[in-house]
Trainee: 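I have a structure I would like to understand better, so I am pasting it below and will then ask my questions one at a time.
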Amino acid sequence: QFLYFIGGKDMGIKKSVRRGKGKGPFFNEAHVNRGKRIAALKSVKENVKRSRNSPRLYMKAVLQGYRRGLAKQHNHTTLVRIDDVITRSDADWYTGKRVAYVYHGYKAKRCVRWNQAPARRGNTRAMWGRVTRPHGTSGMVRAKFTNNLPA
């Protein structure tokens, strides 16, 4: 965002000369080049190479916070914003669906088939929960997890 001051010492100069078609006092060269670079980067479309051809069967989401009032927050109910869900009717569809909070621990802990499948060992962990209802009218949902998420 840029702030331009209207008026000042250049007001006696003709308007077309003052503007300078993208150059001059209002736009320096770095500003113009930055705009061109951003436009070039946006035009490039990269395809992510996946190891399988099947579609992704989950939606990405962001933990927004916890249900709260003015004085305190209730950590047992989490507010989640799901990507590309912008209306309450869209959010209604997710009611009852499962959610996973995926994170990385410090050590690899024992998992299912620890001895039979060593390749499955890792420090990636998940906490599971369920969407209980929409929150507001802009597509947020409330979710409850088996254990409360770290605050």
Side-chain angles (χ1 to χ4, degrees), residues 1-6 18-151:
Q1 309 300 340
F2 295 94
L3 180 65
Y4 299 119
F5 292 99
I6 306 302
R18 257 194 345 255
R19 286 197 178 150
K21 294 185 180 176
K23 296 183 178 79
F26 288 107
F27 295 101
N28 61 13
E29 200 165 326
H31 176 83
V32 174
N33 291 341
R34 182 175 181 272
K36 288 178 184 174
R37 262 201 328 263
I38 289 172
L41 287 172
K42 282 185 177 179
S43 66
V44 174
K45 301 243 177 185
E46 285 187 31
N47 289 333
V48 177
K49 294 189 178 179
R50 301 196 187 281
S51 58
R52 58 177 181 252
N53 294 327
S54 60
R56 190 178 77 196
L57 296 178
Y58 62 90
M59 292 291 290
K60 292 185 178 180
V62 178
L63 172 69
Q64 290 292 104
Y66 300 95
R67 188 170 70 86
R68 61 171 300 137
L70 202 59
K72 59 183 173 181
Q73 73 179 19
H74 306 284
N75 291 345
H76 56 74
T77 305
T78 310
L79 301 179
V80 178
R81 177 166 301 287
I82 304 169
D83 289 359
D84 301 327
V85 176
I86 52 174
T87 63
R88 189 179 181 96
S89 59
D90 291 346
D92 271 326
W93 188 85
Y94 289 94
T95 301
K97 303 291 188 288
R98 285 167 34 110
V99 289
Y101 175 74
V102 180
Y103 64 101
H104 298 286
Y106 289 110
K107 289 198 252 180
K109 285 197 170 182
R110 289 190 66 85
C111 63
V112 179
R113 299 180 62 221
W114 176 265
N115 294 327
Q116 292 89 347
R120 293 193 66 214
R121 297 177 190 175
N123 61 349
T124 304
R125 300 175 196 158
M127 294 172 77
W128 288 92
R130 214 169 267 281
V131 174
T132 56
R133 54 172 291 182
H135 179 81
T137 57
S138 61
M140 291 255 280
V141 295
R142 297 182 192 178
K144 287 199 170 196
F145 287 81
T146 48
N147 298 327
N148 293 347
L149 295 184

Trainee: If we check side chain to side chain contact (heavy atoms under 4.5 Å, CB included) with Tyr66, which of these qualifies: Leu149, Thr77, Asn148?
Mentor: Leu149
Trainee: To the nearest 0.5 Å, what is the distance between CZ on Arg130 and OG1 on Thr146?
Mentor: 11.0 Å
Trainee: Quick check: do Asn147 and Met127 have side-chain heavy atoms less than 4.5 Å from each other?
Mentor: yes
Trainee: Mind running side chain to side chain contact (heavy atoms under 4.5 Å, CB included) on Asn123 and Lys107 for me, showing each step along the way?
Mentor: CA-CA 6 Å; Asn123 61 349; Lys107 289 198 252 180; over 6 Å; no
Trainee: Kindly check if the number of other-residue, nucleotide or ligand heavy atoms within 6.0 Å of NZ (Lys109) is above 12?
Mentor: no
Trainee: Considering residues at least two apart in sequence or located in another chain, which fulfil the side-chain contact (heavy atoms from CB on, under 4.5 Å) criterion with Val99?
Mentor: Val131, Ala143, Phe145
Trainee: Taking Arg98 for the side chain and Trp128 for the main chain, is one N or O donor matched with an acceptor at less than 3.5 Å?
Mentor: no
Trainee: For the residue pair Ala91 and Gly139, what are the closest heavy atoms and their distance?
Mentor: CB-O, 3.9 Å
Trainee: Could you state the interatomic distance from CZ (Arg142) to NE2 (His76), rounded to the nearest 0.5 Å?
Mentor: 10.0 Å
Trainee: With no hydrogens and no angle check, is any side-chain donor or acceptor of Lys72 less than 3.5 Å from a backbone partner on Arg68?
Mentor: no
Trainee: Is the count of non-hydrogen atoms from other residues, nucleotides or ligands lying under 6.0 Å from Asp83 atom CG greater than 12?
Mentor: yes
Trainee: Using side-chain heavy atoms (C-beta onward) and a distance below 4.5 Å, is Pro150 in contact with Tyr101?
Mentor: yes
Trainee: Do Ser89 and Asp92 have a side chain donor and acceptor closer than 3.5 Å?
Mentor: no
Trainee: Taking the side chain as every heavy atom from C-beta outward, state whether Gln64 and Met140 have any pair of such atoms under 4.5 Å apart.
Mentor: yes
Trainee: Given Ser138 and Arg81, is the side chain to side chain contact (heavy atoms under 4.5 Å, CB included) satisfied, shown in steps?
Mentor: CA-CA 9 Å; Ser138 61; Arg81 177 166 301 287; 3.9 Å; yes
Trainee: To the nearest 0.5 Å, what is the distance between CE on Met59 and CD1 on Ile82?
Mentor: 7.0 Å
Trainee: OG1 of Thr95 to CZ of Arg133: how many Å apart, nearest 0.5 Å?
Mentor: 9.0 Å
Trainee: Please determine whether the number of non-hydrogen atoms from other residues, nucleotides or ligands lying under 6.0 Å from atom CD1 of Ile86 exceeds 12.
Mentor: no
